Amino acid sequence: MMVGQKLNVIYILSEKSSGSSFLFRSLTDAMKIKAYPVTKHFESETLYWTKAASVLQLPQLKMLASSVPYAAIRARSEIVEFLEQNLGFLPPHNNDKQLIFRGWFEIVKKFGPTFIEKSPHHLMQKSALRLMKEFEFEYKDVLNCYYVCIVRNPKDVFLSQFRRWNVNPEELENQWIINYMNWFSFSADSSEKCTLLKYEDLVLNQAEITSRICSTLGVESQTTFKESSRKSKASKQSSFFGHPFSESVYHLASLLGYTKQDIAGRSNLKWSIYHKYIRFIYSPAKRLYTSLRGI
């Protein structure tokens with residue numbers, strides 16, 4: 001990094017199963033980011049700021065099919081492990097908040113000059129979002145923070161989470177609404193640093209969208225390949241999706257760029273059979289298999 005040049009942090013925010021991993025891979029390719037800290041979670045997720053909120057005992061909502069929010073002791077232990085494993089040291093600190101902020105800055109500095117954080121656990125937690133903003137303000141002289149929120153057709157999101165984790169669609173409605181209502185509130189005060197994009201648009205215009213994000217950061221886009229999005233098992237079954245969304249979901253989806261026709265599902269025999277199969281056969285068998293393998 002050149003003297004006087006600021007570091008860049010890009011936070012990818014979303015509901016789970018919304019395409020954040022595809023966006024992460026697209027941006028790391030465009031920016032030629034080769035090194036990334038070791039994490040204990042899948043898909044390069046850190047969960048750093050929800051763990052930070054737990055350490056500082058800030059209020060958080062229970063996330064479906066997740067251990068979030070963590071107990072404070074576990075969260076602090078995992079933050080310390082993450083920092084020591086990737087930095088080789090803990091930065092000097094007088095309290096936990098200093099450890100969290102200074103540790104994150106050292107991570108960004110080591111793996112910068114542009115660092116991308118992707119954890120679809122942060123958008124739901126207002127306390128985590130506030131900590132991210134506090135960190136941005138405290139280090140505003142040495143780094144820039146940008147926030148990219150990715151949204152996907154809720155029909156595919158709900159199907160994916162139902163199939164993978166047996167998440168009840170009725171319960172997921174509330175979580176989905178909270179996530180994207182949080183985004184509108186979070187982005188209102190700093191719209192120039194916040195970008196909302198649709199997964200479907202990213203699939204169609206990957207190079208153009210990543211180039212636009214790179215331009216915002218003053219970074220040249222060097223995309224070398226167009227990754228084909230993998231058609232999930234859930235999206236293949238969206239034709240018979242039968243969960244009737246509430247009017248609140250339809251309204252919020254319209255603000256995010258989806259028509260009622262885009263996401264509507266209708267009750268049908270095929271959906272009823274599939275719903276019972278996942279709930280009472282596939283998911284219990286998957287849990288038993290996982291348990292026997294000790295995963």
Side-chain angles (χ1 to χ4, degrees), residues 9-20 23-24 41 45-76 78-79 82 95-105 107-108 115-140 143-152 154 157-158 161 167 170-197 246 248-249 251-253 255-256:
V9 186
I10 303 174
Y11 294 104
I12 298 176
L13 303 170
S14 72
E15 170 62 72
K16 291 193 294 184
S17 301
S18 297
S20 59
L23 175 58
F24 178 85
H41 304 289
E45 295 167 0
T46 70
L47 280 70
Y48 193 86
W49 293 103
T50 181
K51 291 178 183 178
S54 290
V55 171
L56 300 175
Q57 299 188 40
L58 300 175
Q60 296 188 81
L61 298 173
K62 179 71 181 80
M63 194 171 191
L64 298 172
S66 172
S67 298
V68 172
Y70 285 15
I73 294 175
R74 176 185 175 186
R76 191 182 192 283
E78 292 195 6
I79 284 180
F82 173 71
N95 54 57
D96 285 338
K97 195 169 187 179
Q98 281 187 358
L99 171 65
I100 290 162
F101 279 26
R102 291 178 182 178
W104 188 246
F105 175 70
I107 289 288
V108 173
F115 182 79
I116 304 173
E117 201 289 329
K118 177 198 78 76
S119 295
H121 306 76
H122 292 148
L123 188 55
M124 187 176 179
Q125 312 298 350
K126 284 190 174 182
S127 55
L129 296 173
R130 281 194 292 268
L131 283 174
M132 291 157 68
K133 282 288 191 180
E134 285 184 42
F135 171 82
E136 176 186 357
F137 180 78
E138 186 166 322
Y139 286 86
K140 64 182 184 298
L143 59 77
N144 296 309
C145 293
Y146 300 90
Y147 307 88
V148 182
C149 179
I150 186 165
V151 61
R152 187 177 188 179
V157 172
F158 280 54
Q161 293 201 35
V167 172
E170 287 80 10
E171 295 178 357
L172 183 55
E173 281 201 14
N174 187 52
Q175 178 169 294
W176 189 85
I177 289 170
I178 290 171
N179 269 304
Y180 291 104
M181 288 295 289
N182 280 354
W183 169 253
F184 283 118
S185 176
F186 178 79
S187 61
D189 296 330
S190 53
S191 57
E192 73 283 355
K193 293 187 174 184
C194 296
T195 300
L196 174 66
L197 64 89
S246 67
S248 295
V249 170
H251 176 67
L252 182 54
L255 298 178
L256 294 165

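Just so you know, these numbers come straight off a predicted model, no measurement behind them.
Going from atom CG of N179 over to atom CD of Q175 covers 6.0 Å, rounded to the nearest 0.5 Å. Between the CZ atom in R130 and the NZ atom in K133 there is a gap of 13.0 Å [rounded to 0.5 Å].
Heavy atoms only, all atoms of each residue included: V157 and K16 are closest at CG1-O, 3.5 Å. Nearest heavy-atom pair, I177 versus S248, reported as atom, atom and distance to 0.1 Å: CD1-CB, 3.7 Å.
For S187 (side chain) and W183 (main-chain N/O), a donor-acceptor pair under 3.5 Å exists by modelled atom type. The backbone N or O of I10 sits nowhere less than 3.5 Å from a side-chain atom of E117 that would complete a donor-acceptor pair.
Salt bridge R152/E15: absent, no basic N to carboxylate O contact under 4.0 Å.
Checked against the 6.0 Å centroid threshold, F184 and Y180 do not count as a close aromatic pair. Close placement of the Y147 and F186 rings is indicated, their centers lying within 6.0 Å of each other.
For K126, the NZ atom counts as loosely surrounded, since its 6.0 Å shell holds 12 or fewer non-hydrogen atoms of other residues, nucleotides or ligands.
Applying the side-chain hydrogen bond (donor to acceptor under 3.5 Å, both in side chains) test to residues at least two apart or on different chains, the pairs with a partner in residues 47-65 are H41-K51, T50-Q60, K51-E78, S54-Q60.
By the 6.0 Å and 45° rule, R102 does not stack over the aromatic ring of F105.
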